[in-house]
Amino acid sequence: MGAVSAFDAENGIISSGLCGFDINCGVNAIRTNLTAAEVRPKMRQLVDALFRAIPCGVGARGKLKLTPDQLDEVLVKGMGWGVKNGYGVKEDIARTEDNGCMEGADPSKVSSLAKQRGRDQLGTLGAGNHFLEMQRVSDVIDPKFSGSLGINRKDQVMIMLHCGSRGLGHQVATDYLKSQEEAVRKYKIWIPDRQLACAPANSKEGQDFFAAMKAATNYSFTNRLVMTQWIRETFEQVFARTWQEMDMHTVYAICHNVIKFEEHKIGGEKKKVYVHRKGATRSFPDIPVLIAGTMGTASYILRGTEAAMEKSFGSSCHGAGRAMSREGAIRKFWGGRIKEELLKKGIESRATNPQVLAEEAPHAYKDVEEVINSVHGAGISLKAVRMEPIGVLKG
Amino acid sequence: MSGEAMKYKFVKGPTSDVKFEAYGHSASELFENAALALSSVMCSIRNVKPKDSIEVSVEGRDMQDLLFNWLGEVIALVDIHSMFFSAFKVKINGNKLKATCYGEEAKPKNSLTVVKSVTYHDFRLEGDDKRGWKAAVVLDI
């Protein structure tokens with residue numbers, strides 16, 4: 001469920017529950033200069049190679065084993081650590097929200113349990129609604145803006161990576177949900193639902209969480225960057241060209257579940273606030289907004305707007321959103337059949353377990369077109385590029 | 001109703017989350033069944049052999065807090081040991097518990113959905129040893 005809320009920097013609160021458990025679950029969009037006609041004949045080989053290169057699934061360990069000091073460096077420096085260690089390039093950093101690093105992250109505020117969970121998971125996709133997708137541009141709606149992102153023509157192949165901060169981020173959110181539940185009692189805050197646990201913005205409980213959340217955000221930025229590099233290397237193997245020759249640059253990378261300290265105009269007055277974007281995407285004027293569809297449906301790149309600054313604290317939606325529960329989807333769909341249906345639509349898919357395809361069946365989600373039309377109509381982000389999936393990897 | 005259905009069942013909850021109810025004659029049994037329900041969301045429990053085991057101790061402020069922490073511990077164990085679990089033995093003593101979790105290495109073919117956390121939304125634990133125990137849990141997936 002998506003929600004955007006903003007709280008006064010002095011008298012407001014910071015809430016772990018309103019941030020979401022998968023801190024900086026987010027999306028990276030990577031372009032290529034390949035066409036769908038070039039990629040389709042090799043799609044099966046490509047999807048298989050990517051499935052080998054990127055560890056997927058619950059409890060999956062990555063190929064990187066970080067020492068405690070290295071992990072702390074990831075938590076503080078984010079993508080800067082990645083580039084220093086051969087994952088990605090400086091241009092990736094420049095095309096990421098917050099330049100791939102939230103300043104002020106404090107690893108000492110991250111529990112040892114969270115670090116234990118995160119140590120072996122850097123460079124892993126996870127499972128559930130996370131995915132790696134190859135897409136073809138189906139419509140260039142705003143040629144000027146998309147051209148500035150290096151997206152110029154129909155049938156250009158794009159890559160979309162949707163993933164988060166893995167067990168480390170989940171544990172940070174859970175740890176602070178618990179400490180903030182105590183803070184609610186300590187500071188006598190009334191909340192309608194225990195899951196909305198929070199702490200005064202300037203309290204120790206509030207600021208400790210903010211510093212730990214930033215660390216998890218940086219971990220997630222780095223996680224997606226590491227996988228971006230492995231995606232590039234896999235394309236190099238399959239297409240026998242360098243990734244630079246294939247123009248595989250990051251178009252943009254955004255966060256979903258995150259809290260930001262920002263200035264917004266409220267009642268005609270500029271105010272400093274903690275904006276909580278849970279299942280929502282930042283939408284700042286002329287900055288890309290990436291909206292992931294589902295396995296069988298379109299994804300979009302939109303352009304952030306001034307209207308979003310006035311109406312929604314500079315925020316837009318984050319995806320289609322579920323229309324059917326996981327249990328409902330399992331009862332209604334069968335993974336093998338979904339795979340066949342996707343293939344009929346020209347989409348090659350791989351999942352660790354067929355049931356995952358049933359859980360994530362396209363019909364289990366809302367119609368992405370309706371969702372996009374709604375944010376476009378409200379003016380909080382405007383359609384720029386529509387993309388359709390041609391290859392999908394699910395955890 | 002089958003034996004499995006008596007241990008736990010999935011019920012209607014928030015669309016994007018998973019909600020289950022777990023039952024037990026004793027609190028320990030309920031804790032075991034709740035862990036099994038949780039585990040069945042993360043992996044195909046019937047394909048996970050209980051050949052290795054991990055022992056854990058968990059504490060809570062009260063019984064409800066103990067259940068929250070116990071389920072959180074099971075989620076963390078999957079990542080830390082890269083294991084899936086298909087059986088649990090729990091012994092509760094006051095607001096503390098000792099448990100043995102049985103399972104095997106996390107094979108991708110047995111992987112289902114990442115459970116991000118147990119939530120406080122509609123989180124309930126009620127009962128006693130005379131009437132039996134019941135819990136309602138919403139998982140963020």
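Residue numbers begin at 1 in each chain, while the letters A, B, ... track the order of the sequences.
Here CZ of F10(B) is found 5.0 Å from CD of E327(A). Values are rounded to the nearest 0.5 Å. Once rounded to the nearest 0.5 Å, the distance linking OG1 of T352(A) with CG of N110(B) reads 9.5 Å. Between the NZ atom in K19(B) and the OG atom in S325(A) there is a gap of 12.5 Å [rounded to 0.5 Å]. Rounding to the nearest 0.5 angstrom, the gap separating the CZ atom in F123(B) from the CZ atom in R194(A) is 7.5 Å. The distance from atom NE2 of H170(A) to atom OG of S117(B), rounded to the nearest 0.5 Å, is 9.0 Å. To the nearest 0.5 angstrom, N129(A) atom CG is 9.0 Å from T113(B) atom OG1.
In this structure, chain B has a heavy atom under 4.5 Å from the side chain of R166(A), while its backbone stays farther away. The contact between E181(A) and chain B is made entirely by side chain atoms (from C-beta outward), counting heavy-atom distances below 4.5 Å. For K394(A), no part sits under 4.5 Å from any heavy atom of chain B, backbone or side chain. Interface remark: L77(B) contributes no atoms to any contact with chain A (heavy atom separation under 4.5 Å). There is no contact between A364(A) and chain B, counting heavy-atom distances below 4.5 Å. For V18(B), the part lying under 4.5 angstrom from a heavy atom of chain A is the side chain only.
Enclosure of atom NZ in K49(B) is not indicated, since only 12 or fewer non-hydrogen atoms of other residues, nucleotides or ligands lie within 6.0 angstrom. Heavy atoms of other residues, nucleotides or ligands lying less than 6.0 angstrom from CZ of R46(B) number 12 at most. Applying the 6.0 Å contact sphere to CG of D128(B) captures more than 12 heavy atoms from other residues, nucleotides or ligands.
When side chains are defined from C-beta on, R326(A) counts as touching V41(B), because their heavy atoms get closer than 4.5 Å.
No side-chain donor-acceptor contact under 3.5 Å links Q355(A) and S44(B).
We find that D65(B) and K178(A) are joined by a salt bridge, their nearest charged nitrogen and carboxylate oxygen being less than 4.0 Å apart. Ionic pairing of E182(A) and R61(B) is present here: one or more N-O contacts between side-chain nitrogen and carboxylate oxygen are shorter than 4.0 angstrom.
Counting heavy-atom pairs closer than 4.5 Å to chain B, the top-ranked of the candidates E360(A), R119(A), H130(A), E359(A) is E359(A). Interface summary for chain B: among G57(A), G126(A), A127(A), G164(A), the most heavy-atom pairs under 4.5 angstrom belong to A127(A). Of all the listed residues (G72(B), A106(B), C43(B), A76(B)), the one sharing the greatest number of non-hydrogen pairs under 4.5 Å with chain A is A76(B). Ranked by heavy-atom pairs under 4.5 Å with chain A, the list D122(B), N69(B), V115(B) is led by N69(B). Between chain B and the residues D120(A), V356(A), L196(A), D193(A), the most heavy-atom pairs under 4.5 angstrom are made by D193(A).
Under the side chain to side chain contact (heavy atoms under 4.5 Å, CB included) rule, V114(B) has a single partner from L125(A), D22(A), V58(A), which is V58(A).
The backbone N or O of I80(B) lies less than 3.5 Å from no partner atom in the side chain of Q116(A), so there is not a single donor-acceptor pair. For N353(A) (side chain) and K109(B) (main-chain N/O), a donor-acceptor pair under 3.5 Å exists by modelled atom type.
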